[in-house]
A.B. asks: 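After the structure tokens below, expect a handful of questions from me.
Both backbone and side-chain heavy atoms feed into the values below; hydrogens, waters and symmetry mates do not. Note on naming: letters A, B, ... go to the chains in the order of the sequence lines (proteins, then strands), and numbering restarts at 1 for each one.
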Amino acid sequence: MLRKRPGKHLLASVTALALLSGCTYESAPKEFVKLETEQPGKTPEKNPAQVLQTALSKAKTDPEAQKFWFSGYVKNRMMSRELTSMFDGIVADSDSYQVTGRIAAQEFVYYRNNDDKYIYRGGSWITAREESIPVDVFKGFDDWIPFLDRAVEMPEEKVISTMTTPYQIKITGKEWVENSNIDLFKPLQDELAGRPDLDKILENTTIKTTFGIGQKDGLIHSYQTWIIVPVPGAGYMDQEVNFKFFKYGENLQLTPMTEVEKYLLD
Amino acid sequence: MRQLFKLQTLYWALYAFALFVVYNLVVKVAFLELSLIAVVIFVPLMVITYFLIRPEERRQVVVFTLGFLLLDKALTSLDERELTAYVGGAIIAIVGLSLLVKFYGKHKWNAVVAMIIVACLTNFTYNRDTLYAINNFYLMDETERLYKGEWVDYFPLSLYDIDGDGVMEILTYGNADEVVDEEKKIPETAEEKKASAEELLYLKEEPISLYALKWNGDKMVRMKESDFTPEQWKRAQAQMPTDYPGFPYYAQLNDKLVPTVQRQSYTEAMMQSGTAPYRALLLDLAQIDRKLLEQGGVTNQVNEFDKPSQFHDLTIKNGILSGKFNQVSFLYETRGTTILDTIRLPNGDEGLLILDEDITVLTVKPDGLVQEAYHLPRKTLKGGITMSDIVVADIDHDGFDELIVGGVPSYILRPGDNDTWEILWKSEDKDKSFRLTNFASIGKNEKPELIAQTKSWVSNFNTRYLTGFDYTPEGLKQNWKIYMPLIKMQVGDIDGDKQNELIASMYNTHRIWVFKRHNIPVFPISIAITIGLYAFAIVRRVRHAS
């Protein structure tokens with residue numbers, strides 16, 4: 001009886017009410033999604049490694065690139081669960097940022113200004129006590145450079161209000177771990193030799209990373225990585241790591257220290 | 001006092017009960033299903049009703065009607081957490097509305113007493129959640145919250161006869177008995193502030209235990225581990241489906257949920273944004289590694305299915321599926337992580353369903369040769385399969401199985417010829433609520449039904465109600481609906497009466513609801529009462545006019 005057609009709503013609704021146990025959901029059109037035979041993307045016009053290096057160099061030296069907004073999240077989808085951690089905020093200079101975060105459905109604010117580090121939670125600011133790692137927002141991008149020779153250029157895309165050229169790389173988890181120079185992967189690289197089970201997991205993992213470089217300013221505006229990883233007994237997890245950087249050069253300021261101190265709990 | 005025993009008291013009580021039925025079982029259902037269209041129907045109806053009442057009785061009837069409905073609403077909304085507030089609130093509502101009905105409505109005390117008695121009976125003698133299901137079910141029991149924590153949205157539910165007494169126990173995870181409620185107070189001294197800061201700063205470990213609930217003839221009670229033999233408890237633990245609550249930020253380790261990150265360090269790590277995906281993969285692998293080590297490198301294992309099958313002793317390890325079909329051993333290279341089920345194929349073969357990024361159906365020849373009989377790429381299904389429930393069942397009762405892919409949208413698929421799939425039914429792409437979840441028999445000798453989460457017919461709200469359907473070639477024919485957003489449905493006999501009950505939870509509540517099916521035609525009776533009420537009003541009006 002019902003296919004949710006607006007014109008039929010009233011009649012359908014009255015019938016639904018009168019015959020509550022007799023309604024029928026018709027099928028939607030019985031069509032599968034057609035699989036694309038061609039890989040998306042084209043051969044890049046510019047050298048992606050060169051474009052990324054220029055963007056990183058500009059991010060370090062250009063005064064306009066030292067202040068910006070960012071919006072990031074890691075979305076984990078698996079077994080009817082979707083869990084998203086979020087990191088939104090501002091970078092005010094090379095030593096300070098403020099992040100409104102959420103991890104496992106619990107929200108907080110992290111304030112970092114040189115050596116002053118505080119977490120806002122439960123209505124109070126609290127002094128953060130863990131050992132810190134350096135502030136370096138664009139650290140890690142140059143570790144993609146060894147893989148950029150296989151990047152394709154995707155259709156241009158607007159990020160907030162900036163038109164960008166996206167470059168995309170698709171590799172397996174095993175290729176990524178084995179060929180990456182980043183220090184973070186070193187312990188894993190050492191462990192893999194004696195672990196055929198973990199090795200198989202990585203072999204079956206798909207990594208797809210896309211950088212969006214501003215067409216006018218040459219800066220990084222978007223950074224998205226899909227990690228599709230097999231999880232024992234749980235199918236494959238779709239994990240999306242997504243950052244956007246925008247409003248470069250805007251005059252941004254962190255919460256004043258006086259405000260923090262006013263509500264400091266400890 | 002004498003007027004209490006007059007026939008009028010009974011009339012007013014009957015009228016109050018009729019109001020209760022009409023409002024809760026007809027008007028509310030109409031608003032839930034029809035949204036604003038119900039306003040279009042009921043506003044003119046109310047105006048007509050107003051003029052149907054004899055003018056000299058109008059004030060009395062309207063005040064009594066509003067008084068009763070407001071009292072019913074007030075008693076339903078009482079805060080149950082504190083006894084003083086609960087009793088105090090009830091007294092204030094009863095006294096206030098009674099005075100209004102008595103003096104503004106100019107009623108005799110017998111009408112006021114009838115109103116109070118019916119309102120109290122319809123509020124305090126049964127669980128009000130029953131009303132959301134009453135058309136086809138009644139609520140046997142509702143547990144207290146079983147998990148005291150901030151972040152887990154739900155835990156899996158399972159049914160299993162642990163002690164072999166012929167009835168199922170409900171299995172889930174919880175920590176309500178293990179976590180002590182602490183009174184929160186504003187920290188004042190330096191020490192209290194330091195303790196409070198410590199409490200707020202870190203993601204914390206939480207105790208978590210397997211909860212086994214048994215029906216004791218009156219309600220669900222928690223059984224202790226010591227009530228079972230170690231072997232029985234171990235088998236019960238094995239019944240719980242693989243789950244990763246909080247993945248990858250928490251890990252479930254034995255009887256604890258342990259954070260794998262902390263706010264400051266993880267935020268600083270993610271703020272080296274170029275390294276974010278590297279760190280994300282490492283966090284994933286840490287949990288996967290732990291799971292693999294715990295299982296001796298085994299990705300997934302099924303010794304036997306809970307239905308007749310020739311497949312047994314199946315294991316996926318290091319990308320190789322091994323097992324036996326009848327007594328013939330086989331090996332097969334796979335990307336799969338999960339052995340889902342077996343399926344009766346149209347050619348009479350029995351297939352084995354493996355979940356990788358896609359769904360694969362394998363068949364085994366008598367010589368042990370494994371063939372990929374069907375492959376269902378996830379990209380051919382709008383919405384994919386990552387977050388879908390996969391159920392194998394003979395939906396159309398033809399002796400062969402179909403595949404339910406319960407996602408958004410949901411599909412019912414039939415294996416066709418030569419590695420093809422036929423869509424028997426599919427939900428609308430734009431309907432973000434509809435989701436097929438089970439195929440099960442509820443009640444006594446009922447044939448199995450499709451169970452789905454669905455939204456109301458017209459409303460734009462995506463609240464999902466639990467609905468039962470029969471599959472027909474014309475579509476899914478609705479059998480019943482429970483107006484509660486229930487999740488994790490399970491069906492089984494938990495009270496030993498040979499009838500299957502419906503057991504479910506609700507998002508972020510960590511309570512369990514148990515419903516039993518009845519065959520009383522509640523909705524037609526409610527409609528009849530509504531019509532009867534109007535007929536009575538019309539007759540009185542006509543008599544008065546003549």
A.B. asks: B:Tyr411 and A:Ser27: side-chain donor and acceptor closer than 3.5 Å?
C.D. replies: no
A.B. asks: Examine whether an atom of B:Pro409 lies under 4.5 Å from a heavy atom of chain A, and if so say whether it belongs to the side chain, the backbone or both; otherwise answer neither.
C.D. replies: neither
A.B. asks: Can B:Lys291 and A:Asp197 be counted as an ion pair, charged N to O under 4.0 angstrom?
C.D. replies: no
A.B. asks: So, using salt bridge (Lys or Arg N to Asp or Glu O under 4.0 Å) as the criterion, who are the partners of B:Arg279 when residues are at least two apart?
C.D. replies: none
A.B. asks: A:Gln106 and B:Arg263: side-chain donor and acceptor closer than 3.5 Å?
C.D. replies: yes
A.B. asks: At a 4.5 Å cut-off on heavy atoms, which part of B:Leu376 comes close to chain A: side chain, backbone, both, or neither?
C.D. replies: side chain
A.B. asks: When you check the side-chain N and O atoms of A:Thr24 and B:Glu474, is any donor under 3.5 Å from an acceptor?
C.D. replies: no
A.B. asks: Do you see a donor-acceptor pair shorter than 3.5 Å between the side chains of B:Glu428 and A:Tyr25?
C.D. replies: no
A.B. asks: For A:Thr225, give me all partners under side chain to side chain contact (heavy atoms under 4.5 Å, CB included), at least two apart in sequence or on another chain.
C.D. replies: A:Trp144, A:Ile207, A:Thr209, A:Tyr223, A:Ile227, A:Val241, B:Pro277
A.B. asks: Looking at A:Met79, A:Glu131, A:Lys200, A:Arg81, which makes the most heavy-atom pairs under 4.5 Å with chain B?
C.D. replies: A:Arg81
A.B. asks: So what's closer than 4.5 Å to chain B heavy atoms on A:Val99: side chain, backbone, both or neither?
C.D. replies: side chain
A.B. asks: Could you tell me whether the side chains of A:Ser85 and B:Tyr249 share a donor-acceptor contact shorter than 3.5 Å?
C.D. replies: yes
